Amino acid sequence: TATVADGQCTITFTSAGAKSLTATYAGDSNYNASPASAAAPQTVDKADTTTIITSDSPDPSTPGQAVTVDFTVTANSPGAGTPTGNVTVTDGVDNCTGSVSTGNCSITLHTVGSRTLTATYAGDSNFNTSTSAGTAHSVNEPPSITSADHTTFTVGSAGSFGVTTTGFPTPTLSESGALPSGVTFTDNGDGTATLAGTPGAGTGGVYSLTITASNGLTPDATQSFTLTVNEAPAITSADHATFATATAGSFSVTTHGYPAPTLSESGSLPSGVTFTDNGDGTATLAGTPAAGTGGVYSLTITAHNTSGSDA
């Protein structure tokens with residue numbers, strides 16, 4: 001309402017849409033009131049809005065844990081009033097929906113790692129939709145070792161084994177236990193590690209290791225790991241021995257290699273002397289040579305396993 005002298009007034013619309021404006025003069029002591037003017041069309045657009053995530057708790061969270069996300073929706077100038085309706089919060093995988101009046105919703109996140117939360121207001125009859133800026137959120141998970149708990153290398157040949165993990169933040173990896181010479185354990189800094197190298201001669205055998213993954217969350221992950229190093233057989237004892245007739249004698253044949261070599265002998269032995277494979281990578285030549293068996297005996301001793309050529 002305004003005076004005739006003012007010639008104008010300001011009207012504030014409370015809803016959007018097509019409007020028809022009319023003006024009516026109320027009259028005074030000298031002039032009669034006039035009927036309403038012809039209608040003038042007026043369109044009232046929806047007001048733009050701003051949606052903001054104000055908090056997300058707890059942050060960081062863990063997979064499957066409920067996170068409460070608070071948000072606000074306000075009208076942008078020159079718009080005014082209070083938006084109504086719903087807001088949907090998402091990380092691109094999971095989502096929750098709450099009303100503007102409630103101001104929050106509870107989202108359960110299942111994807112491990114760095115996430116980005118956004119809130120989208122759906123709009124109503126008077127206010128336009130809007131989406132918030134992204135809010136960083138972390139979904140943490142204790143470490144777990146996902147690779148196999150064993151591998152096999154061979155002496156003299158380069159070998160490599162990759163250790164893999166899950167968890168967030170990215171786990172660091174360490175190893176305890178003796179390694180064969182020529183083999184190292186390296187944390188790659190990306191949640192993986194590499195066991196690699198060329199085992200040195202004489203290192204055949206089984207190595208019991210413990211691999212540990214940690215990322216600041218409890219518990220650490222530990223894995224009992226077995227490194228088997230195969231090695232072709234080699235005979236390490238002397239190539240000769242002397243016995244005397246009528247006197248007990250003994251000589252040990254030794255080897256290295258893995259699996260433990262079996263031992264056999266070919267060639268004639270003097271009466272009273274035997275060759276025995278002890279089943280542990282050694283053999284024993286022993287006995288009392290009979291009278292009259294003096295002389296030189298040429299024998300062939302063979303060591304065998306599944307890792308390479310016989311010795």
Side-chain angles (χ1 to χ4, degrees), residues 53-70 88-96 104-119 132-155 157-200 203-230 258:
I53 292 177
T54 58
S55 68
D56 54 307
S57 180
D59 182 17
S61 61
T62 57
Q65 182 179 19
V67 175
T68 299
V69 181
D70 294 316
T88 297
V89 176
T90 184
D91 70 337
V93 177
D94 298 300
N95 60 77
C96 67
N104 64 64
C105 65
S106 180
I107 185 171
T108 301
L109 302 171
H110 296 90
T111 305
V112 173
S114 296
R115 313 301 300 162
T116 299
L117 301 178
T118 59
S132 71
T135 296
H137 183 94
S138 294
V139 181
N140 288 354
E141 182 177 50
S144 177
I145 298 172
T146 55
S147 47
D149 63 357
H150 63 278
T151 193
T152 300
F153 286 7
T154 300
V155 166
S157 297
S160 182
F161 177 83
V163 180
T164 58
T165 66
T166 58
F168 188 84
T170 300
T172 59
L173 286 152
S174 61
E175 174 273 328
S176 62
L179 290 170
S181 64
V183 176
T184 59
F185 182 93
T186 303
D187 180 6
N188 299 320
D190 60 358
T192 70
T194 304
L195 183 69
T198 302
T203 61
V206 176
Y207 296 79
S208 296
L209 313 174
T210 298
I211 297 173
T212 301
S214 59
N215 67 354
L217 303 177
T218 56
D220 289 346
T222 60
Q223 182 187 65
S224 297
F225 188 89
T226 301
L227 170 62
T228 301
V229 178
N230 288 340
Y258 191 84

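Scope of the values below: all heavy atoms of this structure, side chains included, with no hydrogens, waters or symmetry mates. All values reported here derive from a predicted model rather than from experimental measurement.
Remark: E175 CD to T186 OG1 distance equals 10.5 Å, nearest 0.5 Å. The CZ atom of F168 lies 13.5 Å from the OG1 atom of T62; values are rounded to the nearest 0.5 Å. Here the CG atom belonging to D70 is positioned 5.0 Å from the CG atom belonging to N104, to the nearest 0.5 angstrom. Between T170 atom OG1 and N215 atom CG the span is 8.5 Å, to the nearest 0.5 Å. For the atom pair I211 CD1 and L195 CG, the distance stands at 7.0 Å (nearest 0.5 Å). With values rounded to the nearest 0.5 angstrom, D91 atom CG is found 10.0 Å from C96 atom SG.
The shortest side-chain heavy-atom distance between P180 and L227 falls under the 4.5 Å cut-off. Under the 4.5 Å side-chain criterion, counting only non-hydrogen atoms from C-beta, Y258 is in contact with V206. Counting heavy atoms from C-beta on, the side chains of H137 and L109 come closer than 4.5 Å. With contacts defined as side-chain heavy-atom distances shorter than 4.5 Å, the pair F185/F225 does not qualify. No side-chain heavy atom of D59 sits less than 4.5 Å from a side-chain heavy atom of V67. Inter-residue side-chain proximity for T218 and P142 is flagged as unmet; no heavy-atom pair is nearer than 4.5 Å. A heavy-atom distance below 4.5 Å is not found between the side chains of T166 and V112.
Residues L173 and A213 approach most closely at CD2-CB, 3.7 Å, considering heavy atoms. Shown here for F153 and P199, the closest heavy-atom pair between the two residues is CB-CG, 3.9 Å. Closest approach of D94 and T111 over heavy atoms only: OD2-N, 4.4 Å. Nearest approach of G204 to V155, heavy atoms of both residues: N-CG2, 3.9 Å. Between P171 and T165 the shortest heavy-atom distance is CG-OG1, 3.6 Å. The shortest non-hydrogen separation linking S144 to A221 is CA-CB, 3.9 Å.
Applying the side chain to side chain contact (heavy atoms under 4.5 Å, CB included) criterion to T88, with sequence neighbours excluded, gives N95, T97.
Under 3.5 Å, the side chains of S138 and N140 contain no donor-acceptor pair of N or O atoms. If you check the side chains of T172 and S214, you find a donor sitting under 3.5 Å from an acceptor. Donor-acceptor pairing under 3.5 Å is recorded for the side chains of N188 and T194.
Checking side-chain atoms of T146 against main-chain N and O of T164 turns up a donor-acceptor pair under 3.5 Å. In terms of modelled atom types and a separation under 3.5 Å, the side chain of S132 and the main chain of I53 share no donor-acceptor contact.
Atom NE2 of H110 sits in a crowded spot, with more than 12 heavy atoms from other residues, nucleotides or ligands closer than 6.0 Å.
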